[in-house]
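Each chain gets a letter, A, B and so on, in the order the sequences are listed, and its residues count up from 1. Worth knowing before you read on, the calculation uses all heavy atoms, side chains too, and leaves out hydrogens, waters and symmetry mates.
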2 protein chains.
Amino acid sequence: MVTKQFTGSPEDADLTRADSLAREIFSDIANKWALLITEVLGDRTLRFSELRDGIEGISHKMLTQNLRMLERNGLVERTVYPTVPPRVEYTLTEPGHALRVTIDGLCNWTHQHLGHIEDSRRRFEAN
Amino acid sequence: MVTKQFTGSPEDADLTRADSLAREIFSDIANKWALLITEVLGDRTLRFSELRDGIEGISHKMLTQNLRMLERNGLVERTVYPTVPPRVEYTLTEPGHALRVTIDGLCNWTHQHLGHIEDSRRRFEAN
DNA sequence: CAGTATCCGTGATGATACTG
DNA sequence: CAGTATCATCACGGATACTG
């Protein structure tokens with residue numbers, strides 16, 4: 001688990017190592033830009049500029065940064081066509097697709113609970 | 001969708017309104033502390049201090065802040081017992097539980113792909 | 001077009017102290 | 001114990017300019 005606790009057992013050296021890795025990955029992935037990029041990619045193959053246009057509000061820098069991170073973690077495959085001007089395409093790998101499925105769940109959850117959340121916010125503001 | 005595009009159709013006024021709300025909620029939820037708090041709560045009822053101890057690395061302030069946000073969005077219910085010293089308990093609401101299910105998916109994904117990711121990172125570092 | 005580098009403001013975060 | 005408030009810092013993120 002990402003939330004595993006320290007137990008003091010002999011295997012803890014490995015357990016905590018795997019856990020800190022899991023936490024690190026979790027921290028990488030659990031940010032809105034990474035999740036949105038993965039979601040927008042879906043099963044398409046998109047160019048850098050298409051991604052930028054497809055994700056409202058993302059800056060050039062954030063897109064580059066997150067794409068590198070996703071590539072480093074093996075969620076996104078980057079293909080460079082040595083033409084001029086250059087053409088670079090991004091697509092999800094198998095692990096990337098698997099992740100996307102869970103993100104779909106998150107998106108669905110959001111839409112299913114829009115009403116609940118709006119209501120709750122109103123009640124909360126009203127103290 | 002959280003990633004819905006503007007289409008120019010007549011219902012867009014509402015569509016974009018719902019979308020911006022969805023994006024806002026998505027941005028609230030899609031951060032590691034909110035996700036970790038939700039995951040750690042699970043189906044337990046925990047006190048503030050228990051949550052703090054259960055989530056490694058979270059600061060007092062971040063915990064308070066995220067708990068308020070989760071409460072505002074109706075994912076967490078906060079119960080205050082007017083004793084002295086005060087006792088405050090947190091538990092997931094129904095929408096909170098639904099969200100947690102998808103987060104479980106994220107955690108499972110992380111653990112299933114630990115190996116893949118480590119390998120990918122090594123390959124990436126090696127250029 | 002895609003990417004890197006740089007500058008720079010500001011918002012997130014942690015530490016600390018204080019209250020009920 | 002739980003929570004708020006304040007302050008200082010620093011990394012995040014945006015804008016811009018430059019390169020291949």
Side-chain angles (χ1 to χ4, degrees), chain A residues 20 23-38 40-41 44-73 75-92 124-125 127, chain B residues 20 23-38 40-41 44-73 75-92 124-125 127:
Chain A
S20 68
R23 265 296 275 278
E24 190 195 328
I25 294 169
F26 194 81
S27 297
D28 268 8
I29 306 302
N31 84 72
K32 65 171 180 175
W33 293 134
L35 295 181
L36 282 174
I37 291 171
T38 306
V40 167
L41 261 182
R44 299 181 288 178
T45 293
L46 296 179
R47 305 181 58 165
F48 183 88
S49 46
E50 291 171 329
L51 275 169
R52 184 181 10 81
D53 297 343
I55 303 174
E56 190 182 297
I58 198 168
S59 67
H60 189 116
K61 186 178 180 177
M62 284 301 97
L63 183 55
T64 309
Q65 211 164 284
N66 278 276
L67 281 172
R68 287 295 163 281
M69 181 274 288
L70 291 172
E71 188 192 358
R72 180 171 104 95
N73 288 323
L75 308 194
V76 158
E77 187 179 327
R78 177 169 176 268
T79 312
V80 183
Y81 297 90
T83 59
V84 48
R87 175 186 188 84
V88 182
E89 292 186 341
Y90 294 91
T91 188
L92 291 183
F124 189 88
E125 292 348 321
N127 291 16
Chain B
S20 69
R23 266 296 275 278
E24 191 195 326
I25 294 168
F26 194 81
S27 297
D28 268 8
I29 305 302
N31 84 72
K32 65 171 178 172
W33 293 134
L35 295 181
L36 281 174
I37 291 171
T38 305
V40 167
L41 261 181
R44 298 182 289 179
T45 294
L46 295 179
R47 304 181 57 165
F48 183 87
S49 46
E50 292 171 328
L51 275 169
R52 184 177 16 77
D53 297 344
I55 303 174
E56 191 181 295
I58 197 169
S59 69
H60 189 117
K61 186 176 182 177
M62 282 303 97
L63 183 54
T64 308
Q65 210 164 286
N66 279 277
L67 280 172
R68 288 293 164 281
M69 181 273 287
L70 292 172
E71 188 192 357
R72 181 172 104 94
N73 287 323
L75 308 194
V76 157
E77 188 180 327
R78 177 170 176 267
T79 312
V80 182
Y81 297 91
T83 59
V84 47
R87 176 185 189 84
V88 182
E89 292 186 342
Y90 294 91
T91 188
L92 290 182
F124 189 87
E125 291 349 321
N127 293 13

Would you mind reporting whether [Y] and [X] have side-chain heavy atoms less than 4.5 Å apart?
X     : Y      : answer
A:R72 : B:E125 : yes
B:V88 : B:T79  : no
B:T64 : B:F48  : yes
A:D28 : A:N73  : yes
A:T91 : A:L41  : no
A:L36 : A:I58  : no
A:Y90 : A:L70  : no
B:M62 : B:N31  : no

Distance, rounded to the nearest Å, where [X] contributes [atom1] and [N] contributes [atom2]:
X     : N      : atom1 : atom2 : answer
A:R68 : C:dA5  : CZ    : P     : 11 Å
B:N66 : C:dT13 : CG    : C1'   : 11 Å
A:N31 : C:dT13 : CG    : P     : 12 Å
B:L36 : C:dT13 : CG    : P     : 13 Å
B:M62 : C:dT16 : CE    : C1'   : 15 Å

message: Among residues 85-92 of chain B, which ones have heavy-atom contacts with DNA chain C below 4.0 Å?
response: B:P86
Please give me the minimum heavy-atom distance between [X] and [Y], naming the atom from each residue.
X     : Y     : result
A:P86 : A:R47 : O-NH2, 3.7 Å
B:K32 : A:S27 : CD-OG, 3.3 Å
B:T45 : B:E50 : O-OE1, 4.2 Å

task: Using the closest heavy atom to pick a nucleotide of DNA chain C for each, name whichever of B:G57 or B:H60 lands nearer the 5' end.
output: B:G57
task: Determine which bases of DNA chain D form Watson-Crick or G-U wobble pairs with both distances under 3.5 Å, and write the result as a 5' to 3' dot-bracket string with | for other-strand partners.
output: ||||||||||||||||||||
Range on DNA chain D touched by chain A - first to last nucleotide, heavy-atom distance under 4.0 Å: D:dG13 to D:dG20
query: Base, sugar-phosphate, or nothing: which does B:R52 touch, judged by heavy atoms less than 4.0 Å apart?
result: nothing
